[in-house]
Visitor: 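One structure follows; several queries about it will come next.
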Amino acid sequence: MKNYAGRLSLAVLLIFGLCLNFSAAAWSATWKMALGDSNGSPQHEVGKKFKEALEAKTNGKYKVTLFLNGQLGSEQDTVNDAAMGTLDMSCLAINNVTPFSPTVGVLSLPYVIQSLEEAAMLTQGEVGRELTENTIRDAGVRIVAWTYTGFRVLTNSKKPVSTLDDLQGLIVRVPKNEIMIDTYKSWGINPSPMAWSETFTALQQKVVDGQDNPYLTINAMQFYTVQKYITPIRYLFSIEPLIISEQLYQSLTPEMQEIVLAAGREATSHSQKFLADSEAAIIKDLTENKGMEIVMPADNEKLWIEKATQAVWPKHYKSIGGKEKLEKVLEILGRPQQL
Ligand code: MLT
């Protein structure tokens, strides 16, 4: 009996020891985070904030290494890599998530989101939660933070563009995203779909004349060195989720999962403030010091809006999960009549 009790306590001790060892091993890691953009971009701000918050909350046991400028592959490749578990995290434009999880396209339909406040309301509320669930299901990655980058404005190296007539004949790069391709088609041109990682060189070598991206991205990526004219259209408010591999997330303890989500919430609020605080100064710098010229779209963009919403919305009802998804978004935004 005495022997049996002794053996039992030894076994308990061994199991306890093994558990301790196991949690000590699991309780430290360095994650790789891919970013498509460079130093100083909104993506970088979110990546840095997430890293800082995660490292502080885990007393440095969990670390994050940031790989900027598409060093770990094109933005779309990073979604695949994170889904397979060969990459831990990535921060990328939502238009580059849509091919893997089409319902997030509701946030990229032209002229739906009309301000930073609307972008924040949608992503941080019920719609954001539903899209996060869909992205886990469809793409094997979980959105843990949202980057707000501002409206994507059209730039080109050839001529001032104010009307749709001016746009004709320009070769414009777009991401490999059906909604964006269809938007340009509705404006009468056939755009050139191209990975983000190839865009700067294509502009520099004049393979394409123009592209669209937010002011903050144009500035951080130094597009002002290869682009001259800006047309501040407001068809697409750029949102760039920070994603984590769902395989990795599921391997974490519930406490650690909560820490990841809390670090993500901090990064999201930081991004909202960063955009609000910096966009005006960046526009001033681009136009006053970096040689860019702003040309306003004629007639408050009326024709651009009409053409895009009439052609693109109905075409993409199915991919976003039904017309009712757009109805719900417009309802939340207080503009149900827009449909
Ligand atoms: C794109 O145009 O593909 C994206 O907006 C690039 C980015 O991540 O800034």
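All ligand and atom numbering here is 1-based and tracks the order in the structure.
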Visitor: Short list, please: which atoms of ligand 1 are under 4.0 Å from a heavy atom of Pro175?
Guide: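 Checking each atom against Pro175, I get 1 (C), 2 (O), 3 (O).
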Visitor: If we only count N/O pairs under 3.5 Å, is Asn96 in contact with ligand 1?
Guide: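 There is such a contact, yes.
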Visitor: Any heavy atom of Met221 sitting closer than 4.0 Å to ligand 1?
Guide: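 It does not; every heavy atom stays at 4.0 Å or beyond.
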Visitor: Quick one: which ligand 1 atoms are inside 4.0 Å of a heavy atom on Asp37?
Guide: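 Going through ligand 1 atom by atom, the ones under 4.0 Å from Asp37 are 7 (C), 8 (O), 9 (O).
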Visitor: Side chains of Thr149 and Glu240: do they bring a donor and an acceptor to under 3.5 Å?
Guide: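 Yes, side-chain donor-acceptor contact under 3.5 Å.
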Visitor: Measuring from non-hydrogen atoms of Asn95 to any atom of ligand 1, is the shortest distance under 4.0 Å?
Guide: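 Yes, Asn95 has a heavy atom closer than 4.0 Å to ligand 1.
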Visitor: By number and element, which atoms of ligand 1 are closer than 4.0 Å to a non-hydrogen atom of Ala93?
Guide: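 What qualifies from ligand 1 is 4 (C), 5 (O), 8 (O).
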Visitor: With respect to Glu240, determine whether any N or O atom, backbone or side chain, lies less than 3.5 Å from an N or O atom of ligand 1.
Guide: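 Yes, there is a polar N/O contact under 3.5 Å.
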Visitor: Hey, is Lys48 close enough to Glu45 for a salt bridge, meaning N to O under 4.0 Å?
Guide: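 Answer for the salt bridge query: yes.
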Visitor: Report the part of Asn213 (side chain from C-beta onward, or backbone N, CA, C, O) that has a heavy atom under 4.0 Å from ligand 1; answer both or neither where that applies.
Guide: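 Contact part for Asn213 vs ligand 1: side chain (C-beta onward).
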Visitor: Touching ligand 1 at all, Arg173? Heavy atoms, strictly under 4.0 Å?
Guide: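 Arg173 counts as a contact of ligand 1 under the 4.0 Å cut-off.
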Visitor: Using a strict cut-off of 4.0 Å, indicate which atoms of ligand 1 neighbour a heavy atom of Thr217.
Guide: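 Counting atoms of ligand 1 from 1, those under 4.0 Å from Thr217 are 9 (O).
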Visitor: Judged by atom type as modelled, is there a donor-acceptor pair below 3.5 Å linking the side chain of Gln168 to the main-chain atoms of Leu164?
Guide: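 Side chain of Gln168 to backbone of Leu164, a donor-acceptor pair under 3.5 Å: yes, one is there.
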Visitor: Any ion pair linking Asp166 and Lys159 (charged N to carboxylate O, less than 4.0 Å)?
Guide: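 Here Lys159 does not pair with Asp166 in a salt bridge, since their nearest N and O are not under 4.0 Å apart.
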Visitor: Should you measure from each heavy atom of Glu75, which atoms of ligand 1 turn up under 4.0 Å away?
Guide: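 By the 4.0 Å cutoff, the relevant atoms are 6 (C), 7 (C), 8 (O).
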Visitor: Same cluster or not: are Leu107 and Leu216 linked, directly or through other Ile, Leu, Val, Met, Phe, Trp or Tyr residues, by side-chain heavy atoms under 4.5 angstrom apart?
Guide: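 Shared cluster, yes.
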Visitor: Determine whether a donor-acceptor pair (N or O, by modelled atom type, separation under 3.5 Å) exists between the side chain of Glu293 and the backbone of Pro160.
Guide: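 Looks like no, no N/O pair under 3.5 Å.
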Visitor: Where the side chain of Ser271 meets the backbone of Thr268, is there a donor-acceptor pair that is under 3.5 Å apart?
Guide: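 No, Ser271 side chain to Thr268 backbone: no donor-acceptor pair under 3.5 Å.
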Visitor: For Asp37 and His44, run side chain to side chain donor-acceptor pair (under 3.5 Å): C-alpha distance rounded to whole Å, both residues' side-chain angles, the deciding distance at 0.1 Å, then the answer.
Guide: CA-CA 7 Å; Asp37 295 351; His44 187 212; over 6 Å; no
